[in-house]
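First comes the structure, then the notes that go with it.
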Amino acid sequence: MKFLTPIVLVGLLLLWTGRATAQSGYARPPDGAWPNPSYAEPSDSTFRLSVGPALRIDSHRAHGGLVTALDIGARAAGGRLSGTWAGVGSEGGLSQYTAELWVDFGAER
């Protein structure tokens, strides 16, 4: 306990002094920094691939796995093909495949 007291005091002192030197306000941006003519707005992608982790939890254990998805379409209409694999190679393994269609009637609002 005696060893931790100086460390805690030094930590509090550093936090207090760092807070005291902070200033409010905003820096003036450099001249000619914006707009950047080389910047181009990214276009909507027609194909998007997603890969990530999956988790299946049951009453006995949890199984890790993989989920992948391919989105086809841009903005208001398209589809998705996806597959999920959890606990592959075990007796209680699971694989699930889905296909979805979507239409967004409010996309241009």
Side-chain angles (χ1 to χ4, degrees):
M1 184 67 181
K2 289 183 181 182
F3 176 72
L4 290 177
T5 303
I7 294 174
V8 171
L9 289 175
V10 169
L12 289 173
L13 180 65
L14 289 174
L15 287 173
W16 181 73
T17 57
R19 184 178 166 120
T21 59
Q23 297 176 2
S24 64
Y26 298 98
R28 185 173 169 262
D31 294 333
W34 188 261
N36 186 355
S38 65
Y39 175 77
E41 188 71 30
S43 62
D44 291 335
S45 176
T46 304
F47 296 99
R48 292 171 303 281
L49 179 65
S50 304
V51 179
L55 182 63
R56 176 180 179 231
I57 302 173
D58 59 19
S59 60
H60 302 292
R61 66 184 74 82
H63 292 285
L66 177 71
V67 62
T68 61
L70 174 65
D71 294 328
I72 304 167
R75 295 189 184 175
R80 170 180 275 193
L81 302 171
S82 64
T84 304
W85 300 272
V88 177
S90 67
E91 196 171 308
L94 171 75
S95 59
Q96 177 180 347
Y97 306 96
T98 59
E100 305 168 19
L101 295 174
W102 79 80
V103 176
D104 183 2
F105 294 109
E108 296 297 322
R109 289 187 191 177

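What you see below is based on every heavy atom in this structure, not just the backbone, and it leaves out hydrogens, waters and symmetry mates.
The side chain to side chain contact (heavy atoms under 4.5 Å, CB included) test applied to Val67 returns Ala54, Thr84, not counting sequence neighbours. The side chain to side chain contact (heavy atoms under 4.5 Å, CB included) check on Ala69 picks up Ser50, Arg80, Ser82, with sequence neighbours excluded.
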Mind listing the side-chain donor-acceptor pairs of residues 55-62 below 3.5 Å, one per line with the distance, residues two or more places apart or on another chain?
{"from": "Arg56", "atom 1": "NH1", "to": "Gly92", "atom 2": "O", "distance (Å)": "2.5"}
{"from": "Asp58", "atom 1": "OD1", "to": "His60", "atom 2": "N", "distance (Å)": "3.0"}
{"from": "Asp58", "atom 1": "OD1", "to": "Arg61", "atom 2": "N", "distance (Å)": "2.8"}

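Here the shortest heavy-atom pairing between Ile72 and Trp102 reads O-CH2, 3.9 Å. Between Ser95 and Trp85, the shortest heavy-atom distance links the atoms CB-CD1, 3.6 Å.
Atom CG of Asp71 and atom CZ of Phe47 lie 11.0 Å apart (nearest 0.5 Å).
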